[in-house]
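Accompanying notes for the structure given below.
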Number of protein chains: 2
Amino acid sequence: MRLNSQDIHTRFRRHAVRVTRQRAAIYQALAETTSHPTANELYQTVKRQHPMISRNTVYYTLGVLRQAGLVQEVNVGHEVARFDGNVTVHHHLICLGCSQIVDVMDEALNQLAVSDGQARGFRILGHRVEFHGYCAGCQRAKLDAPQRSRQEH
Amino acid sequence: MRLNSQDIHTRFRRHAVRVTRQRAAIYQALAETTSHPTANELYQTVKRQHPMISRNTVYYTLGVLRQAGLVQEVNVGHEVARFDGNVTVHHHLICLGCSQIVDVMDEALNQLAVSDGQARGFRILGHRVEFHGYCAGCQRAKLDAPQRSRQEH
DNA sequence: TCTCTATCTAGGAATGATTCCTACATAGCA
DNA sequence: TGCTATGTAGGAATCATTCCTAGATAGAGA
């Protein structure tokens with residue numbers, strides 16, 4: 001989703017986040033994609049408009065935006081951290097073949113709870129569901145390739 | 001759960017995993033705890049009986065055991081990888097304060113599915129639910145401490 | 001039980017994501 | 001508009017994990 005700079009300014013200030021060109025560009029890059037880019041991918045994208053931007057700024061900014069709740073971090077296995085501009089409650093479908101992450105919005109999944117007997121005194125604030133499998137493309141690719149373990153991730 | 005070396009031998013061979021003292025010790029260490037230790041914690045534990053063991057062997061062995069399905073890897077946020085000797089289907093309760101991970105066994109959680117409309121052609125093999133919150137200890141600690149963001153992980 | 005070989009182990013080096021440090025730049029309050 | 005707390009760039013540091021390699025060993029087969 002393309003955002004204009006006024007939108008970004010308003011959102012940032014509402015969360016008490018200082019607005020800089022670099023931050024706006026990073027947030028914009030994240031808002032424009034439904035893939036879940038890594039910090040490095042965002043760095044590469046933003047560098048096209050801001051050739052001087054530092055990788056460090058990208059990391060720092062993602063930390064700021066995450067703490068402000070403007071951005072979400074998604075982690076799959078021990079892979080590199082990925083980021084998601086969609087901060088509504090949602091879940092993920094993860095391809096074990098190509099590591100792509102697809103958003104799943106499903107009200108039923110938002111209602112899950114742990115029985116009191118198993119909660120062990122935890123105060124639960126939220127939950128996240130990850131579905132693991134193979135996307136359509138990787139299923140086709142696997143027809144020719146040898147079987148690999150399901151535990152590979 | 002304390003396992004004798006015959007049990008371990010049988011399990012390993014059933015999964016075509018070569019048995020060595022180092023591997024048995026690592027697997028034993030994992031079977032004896034319900035916490036979810038990191039590779040380094042396992043290294044420290046095993047080193048007490050095998051002072052010459054290399055950290056590399058721990059990593060390599062955990063990889064072998066994981067591929068064989070004898071061990072599960074659990075990842076929370078972008079934190080260090082943790083391991084779980086419980087390979088039955090189960091889910092996790094994660095403390096945002098102290099990062100402890102507690103197992104949740106709940107048949108209802110094992111039955112989740114994604115609606116066809118959202119599955120986007122994925123063939124789903126499994127799923128995992130993570131509940132995030134604060135354990136009893138951290139709730140008490142927070143009564144005195146200043147509030148921290150829920151997004152911190 | 002013995003031999004042989006594929007696989008394991010130890011340990012050091014390499015990798016790569018992320019964080020730390022610091023001097024200069026700037027957003028935005030007053 | 002000026003001032004100051006905060007952000008940025010960029011280089012160095014950290015640290016989990018992986019790679020590489022020479023010597024050790026599990027276990028299949030004789």
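In what follows, chains carry the letters A, B, and so on, assigned in the order in which the sequence lines appear, proteins first and then strands, with residues in each chain numbered from 1.
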Euclidean distance, atom OH of residue A:Y60 to atom P of D:dG7 [Å, nearest integer]: 4 Å
Reading 5' to 3' through nucleotides 13-24 of chain D, protein heavy-atom contacts under 4.0 Å coded B for base, S for sugar-phosphate only, - for none: ---SBBBB----
Summary of protein contacts for nucleotides 23-30 of chain C, nucleotide by nucleotide, where a base hit scores B, a sugar-phosphate-only hit scores S (4.0 Å, heavy atoms): ---BBSS-
For B:L109, the rest of its hydrophobic cluster, which grows through side-chain links under 4.5 angstrom: A:L93, A:V102, A:V104, A:L109, A:L112, A:V114, A:F122, A:I124, A:V129, A:F131, B:L93, B:V102, B:V104, B:L112, B:V114, B:F122, B:I124, B:V129, B:F131
B:R21 CZ: over 12 foreign heavy atoms closer than 6.0 Å: no
By ring-ring contact (aromatic ring centres under 6.0 Å, His included) - contacts of A:H50 (at least two apart): none
Under-4.0 Å side-chain N/O to phosphate OP1/OP2 contact, A:Q22 with D:dA9: yes
Cluster companions of B:Y59 among Ile, Leu, Val, Met, Phe, Trp, Tyr (side-chain spacing under 4.5 Å): none
Interatomic distance, A:Y43 OH vs C:dT18 P [rounded to whole Å]: 14 Å
Rounded distance in Å - CG (A:L62) to P (C:dT19): 10 Å
For B:A29, all residues meeting side-chain contact (heavy atoms from CB on, under 4.5 Å), sequence neighbours excluded: B:L42, B:T45, B:V46
Spacing between B:H15 atom NE2 and D:dA26 atom C1', to the nearest angstrom: 19 Å
Separation of C:dT9 C1' from B:L42 CG (nearest whole Å): 17 Å
B:Q67 CD - C:dT7 P separation (whole Å): 14 Å
Angle by which the axis turns from one end of the helix from C:dT1-D:dA30 to C:dA30-D:dT1 to the other, five pairs per end, to 10 degrees: 50°
Partners passing ring-ring contact (aromatic ring centres under 6.0 Å, His included) against B:H90 (at least two apart in sequence or in another chain): B:H92
Any residue meeting side-chain contact (heavy atoms from CB on, under 4.5 Å) with B:N4, in chain and number order, not counting sequence neighbours: B:Q6, B:D7
Nucleotide C:dA10, atom P - distance to NZ of B:K47 in whole Å: 12 Å
Selection residues 29-42 of chain A - residue pairs positive for side chain to side chain donor-acceptor pair (under 3.5 Å), sequence neighbours left out: A:R2-A:E32, A:T33-A:S35, A:H36-A:D84, A:H36-A:D103, A:N40-A:R55
Distance in angstrom units between B:I8 CD1 and D:dA26 P, rounded: 15 Å
is_close_aromatic(B:H91, B:H127), centroid dist under 6.0 Å: yes
With sequence neighbours excluded, residues passing ring-ring contact (aromatic ring centres under 6.0 Å, His included) with A:F12: A:Y27
Residues forming a side chain to side chain donor-acceptor pair (under 3.5 Å) with B:Q28, sequence neighbours excluded: none
